[in-house]
Amino acid sequence: MNILYFVRHGQTAWNDIGRFQGSTDVPLNLLGIEQAEKTALALKDIHFDAIYSSPLNRAQVTAQTIARPHQLTVQVEPRIAEINFGQWEGMAFEEIERKWPGRIKEMYIHPDTVDIPGSETFADAESRTMGFLNELISSNDNKTFLIVSHGAAIRTMICGLLQIPLDRAWLFSQGNANVTRIEALKDGRNIVRTLNSTAHLSR
């Protein structure tokens, strides 16, 4: 069995005001830094064999904060970067709704088929994220890994691991600095033990 811990990065200024960031490299805000520190404290007694991060700064800073007490070097993995949201990046929800009426609702209901101008598709994102995870799982045994990534990217990984259709990707929450734990068993089953845990952020 391998154990996979997923952590979404801490809050950014764009998260706070409801602006799409996707592949745009927006840093953590002060609350996001505090969230990363609280997550590090919550995970300090868990043994990790390796820590992987998206190349985007908000994920790397979150990962480095968690890695510090473990004395591990964060390994940057481009395949777990956030989805590129194309023309939506940098736009607030209200702006998108005015320019593409009904398209945000469509994304939440049908992320597998939604047309976001200039965007990477959710299926393409799942292909790259799961390419990384399948490689990691198949080449290791009895290891524990931390993967620090992003809301949409983590959703594609959860869907892929649990064989959930991508059109269900927005039916579970992925809050900033949440912790999700999935066990990858030797028989090929993947079991969720913790999903979107944020209790550590209120301490």
Side-chain angles (χ1 to χ4, degrees), residues 1-16 21-83 125 128-158 160-161 172-184 190-203:
M1 178 179 73
N2 291 301
I3 300 174
L4 307 174
Y5 281 84
F6 296 89
V7 169
R8 185 186 175 198
H9 61 80
Q11 189 189 82
T12 71
W14 284 16
N15 287 143
D16 189 35
Q21 48 197 5
S23 63
T24 305
D25 209 357
V26 185
L28 298 180
N29 61 15
L30 290 177
L31 176 59
I33 292 169
E34 179 184 335
Q35 289 174 333
E37 291 169 347
K38 287 183 175 181
T39 307
L41 184 62
L43 299 178
K44 68 180 177 61
D45 294 326
I46 295 171
H47 169 78
F48 293 116
D49 292 288
I51 296 176
Y52 295 92
S53 172
S54 154
L56 295 174
N57 178 268
R58 59 189 182 270
Q60 285 201 59
V61 171
T62 302
Q64 289 161 1
T65 303
I66 298 170
R68 199 170 297 129
H70 301 274
Q71 299 183 324
L72 287 172
T73 299
V74 174
Q75 300 182 51
V76 176
E77 175 49 65
R79 287 176 289 178
I80 59 173
E82 181 59 302
I83 293 176
R128 64 171 166 81
T129 59
M130 287 306 300
F132 165 69
L133 287 184
N134 288 333
E135 181 182 295
L136 186 69
I137 292 168
S138 65
S139 59
N140 290 282
D141 190 24
N142 295 321
K143 298 289 182 66
T144 300
F145 300 106
L146 173 65
I147 296 153
V148 182
S149 185
H150 308 264
I154 292 175
R155 284 180 171 87
T156 68
M157 290 186 265
I158 294 173
L161 286 168
F172 46 87
S173 183
Q174 281 293 292
N176 288 115
N178 85 85
V179 177
T180 291
R181 171 180 161 149
I182 296 178
E183 295 175 358
N190 300 310
I191 307 222
V192 179
R193 295 296 184 189
T194 304
L195 179 66
N196 190 47
S197 175
T198 57
H200 57 284
L201 300 180
S202 59
R203 294 170 189 163

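- For the pair Gln60/His9, no side-chain contact is recorded, criterion being any heavy-atom separation below 4.5 Å from C-beta on.
- Across Ile80 and Ala153, no two heavy atoms sit closer than the pair O-CB, 4.1 Å.
- Residues Ser149 and Ile154 come closest through the heavy atom pair CB-CG1, 3.7 Å.
- Side-chain atoms of Glu82 and Ser54 form no donor-acceptor pair, as typed in the model, at a separation below 3.5 Å.
- For the pair Leu133/Leu161, a side-chain contact is recorded, criterion being any heavy-atom separation below 4.5 Å from C-beta on.
- Sorted by first and then second residue, the pairs that involve residues 41-53 and meet side chain to side chain donor-acceptor pair (under 3.5 Å), not counting sequence neighbours, are His47-Asp49.
- The distance from atom OG1 of Thr129 to atom CD of Glu77, rounded to the nearest 0.5 Å, is 10.5 Å.
- Looking at Thr12 and Gln21, their side chains come closer than 4.5 Å, going by heavy atoms from C-beta outward.
- For Lys38, the salt bridge (charged side-chain N to carboxylate O under 4.0 Å, His left out) partners at least two apart in sequence or on another chain are Glu34.
- Atom CD1 of Ile191 and atom CD1 of Ile3 lie 12.0 Å apart (nearest 0.5 Å).
- Shortest non-hydrogen contact noted between Leu56 and Ser23 is CD2-O, 3.5 Å.
- Residues satisfying the side chain to side chain donor-acceptor pair (under 3.5 Å) criterion with Asn178, sequence neighbours excluded, are Gln174, Thr180.
- The shortest heavy-atom contact between Glu135 and Ser138 is O-OG, 3.3 Å.
- Take Phe48 and apply the ring pair (Phe, Tyr, Trp, His ring centres under 6.0 Å) test, not counting sequence neighbours, and it matches Tyr5, His70.
- In this structure, the side-chain contact (heavy atoms from CB on, under 4.5 Å) partners of Ala125, at least two apart in sequence or on a different chain, are Ile83, Glu120, Arg128, Thr156.
- Side-chain atoms of Asp16 and Asn29 include no donor-acceptor pair closer than 3.5 Å.
- When all heavy atoms of Ala36 and Ile66 are compared, the closest pair comes out as O-CG1, 4.2 Å.
- Qualifying salt bridge (charged side-chain N to carboxylate O under 4.0 Å, His left out) partners for Arg181, counting only residues two or more places apart in sequence or in other chains: Glu183.
- How far CG of Asn190 is from CE of Met157: 13.0 Å, rounded to the nearest 0.5 Å.
- When all heavy atoms of Arg203 and Ala42 are compared, the pair lying nearest together is NH1-CB, 4.4 Å.
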